[in-house]
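To start, the structure under review is shown below, and the notes come after it.
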Amino acid sequence: MTRLLFFGRLRDVTGFAERDLELPRDIATIADLRAFLSASDPDLGEAIAARGVRVAVNQSFCLNDLESVCDAREIAFMPPLSGG
Amino acid sequence: MTRLLFFGRLRDVTGFAERDLELPRDIATIADLRAFLSASDPDLGEAIAARGVRVAVNQSFCLNDLESVCDAREIAFMPPLSGG
Amino acid sequence: MIRVVVTAEAFAPAHETACFAAARDDRCGALASFVGYCRGHTHDGVVTTLELQHYPGFTEAEIERLARQVSAKHAFTALLVIHRVGVIPAGDAIVLVAAQSAHRAAAFAAVEEMMDYLKTDAPFWKREAGPDGARWIEPTSDDYARRQEHGA
Amino acid sequence: MIRVVVTAEAFAPAHETACFAAARDDRCGALASFVGYCRGHTHDGVVTTLELQHYPGFTEAEIERLARQVSAKHAFTALLVIHRVGVIPAGDAIVLVAAQSAHRAAAFAAVEEMMDYLKTDAPFWKREAGPDGARWIEPTSDDYARRQEHGA
């Protein structure tokens, strides 16, 4: 089971902050996951493809979309950060 | 009557913080006053001639030794400043 | 010593700073600090609340990582970061950063650099709400420029 | 608003900062502050007390003049300077500088620049006393270099 997390304006698109789901076996990378999410929700697909959105797998930032999600317990989609 | 004020290490030389005195009529500038003070106390003359010592007349910094002391109510000798 | 607190509770910056200062050692000659408040007025108009989201666990870990990055560059002896999350009414403190060091240069640099990182690199998401609705706030080009100066 | 206090009494930086912060308006998003303490240990050894002399009237006027100089460059909305004089035991606060502004850059710049001026341009004279006697402290070359950066 993998937990998907959405923050900031992405949460406005999904309507939820997190969702647990069993990733299909053919989803090996972040790119695969993007395609999978786009297929079920094109608006979300577009939102997570927007400039500045970063992905973290198991609380570690991904450098690119080729990173594996096979051992992912937690995948977070994060729009540009803004604290302080 | 003119009040002379000494600060910091100059006060260690004079042994006092301030002294009121009637300036002789021939003392017109800071340079004249330096000569007058040196004559009565060479150590003080040397201390106020040291690098970084500034003079203020009536609570206003002097730019050079040619400034007048004729209307001086208060003349301060100040070694390098150091607050904070 | 680095202490990072992310909290949904309101906090009193002066009290927290006093506690932080009380624990200083006798080589500490400098304490620099910064408090960021939720403004009630911006150039866009009236603000009633700010909503801050964070990523529990990851946010704290990332701030600690950024703080260690700052500590590698500036010789501070203690650093405190308190960041509020959740719904924050105008006028309340959002963030406190404080640093102790022997001399002032390191304390100033540590606080400023930490604040710059919090604006652009720490996992927080900020939404401003006013009478005309809400909008997400993202770092400004100025925020990114300041961060670049630290070579991050 | 600029407030300058020179006092021979001990002061509590957190309390003074809290009072200063309480008076902020709702456009204030940033409060930067700095506290300088009398250190009990320096690279020269143990310090038991610091003695600060000032020039009553002139010192306050000069700090206000320096503060106005800072305010001409940085858009702060309020500045507080408290400077202690007389005999100061190790561990006590010597100076507090705090600035409020809409955004953080002006608040940081105002506090740092004011501190740099206090080190080199404000009429104070500082003597450090320890078990081995006393010595007058003068600004370091680093202090002068920092002041130069402000074009003063």
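Numbered from 1 within each chain, the chains take letters A, B, ... in sequence-line order.
- Neither the backbone nor the side chain of Asp142(D) comes within less than 4.5 Å of any heavy atom of chain C.
- Using a 4.5 Å cut-off between heavy atoms, Asp25(C) makes no contact with chain D at all.
- With a threshold of 4.5 angstrom between heavy atoms, Ala102(C) approaches chain D through its backbone and through its side chain.
- If you tally non-hydrogen atom pairs under 4.5 Å between each of Ala32(C), Gly29(C), Ala18(C) and chain D, the highest count goes to Gly29(C).
- Here the closest heavy-atom approach between residue Arg27(C) and residue Arg39(D) is recorded as O-CD, 3.1 Å.
- If you take NE2 on His103(C) and CG on Asp143(D), they are separated by 10.0 Å, rounding to the nearest 0.5 Å.
- When heavy atoms are compared at a cutoff of 4.5 Å, Ala105(D) approaches chain C by way of both its backbone and its side chain.
- Options Gln100(D), Met115(D), His15(D) differ in how many heavy-atom pairs under 4.5 Å they form with chain C, and the most are formed by Met115(D).
- Put simply, of Ala14(D), Gly40(D), Ser33(D), the one with the most heavy-atom pairs under 4.5 Å next to chain C is Ser33(D).
- Here the NZ atom belonging to Lys119(C) is positioned 5.0 Å from the CZ atom belonging to Arg104(D), to the nearest 0.5 angstrom.
- Contact count versus chain D (heavy atoms, under 4.5 Å) is highest, among Pro13(C), Cys28(C), Gly36(C), for Cys28(C).
- Neither the backbone nor the side chain of Thr17(D) comes within less than 4.5 Å of any heavy atom in chain C.
- By a heavy-atom distance cut of under 4.5 Å, Gly91(D) are the residues of residues 83-95 of chain D near chain C, going up by number.
- Tyr37(D) carries Arg24(C) over the face of its six-membered ring, with the cationic atom under 6.0 Å from the centre and within 45° of the normal.
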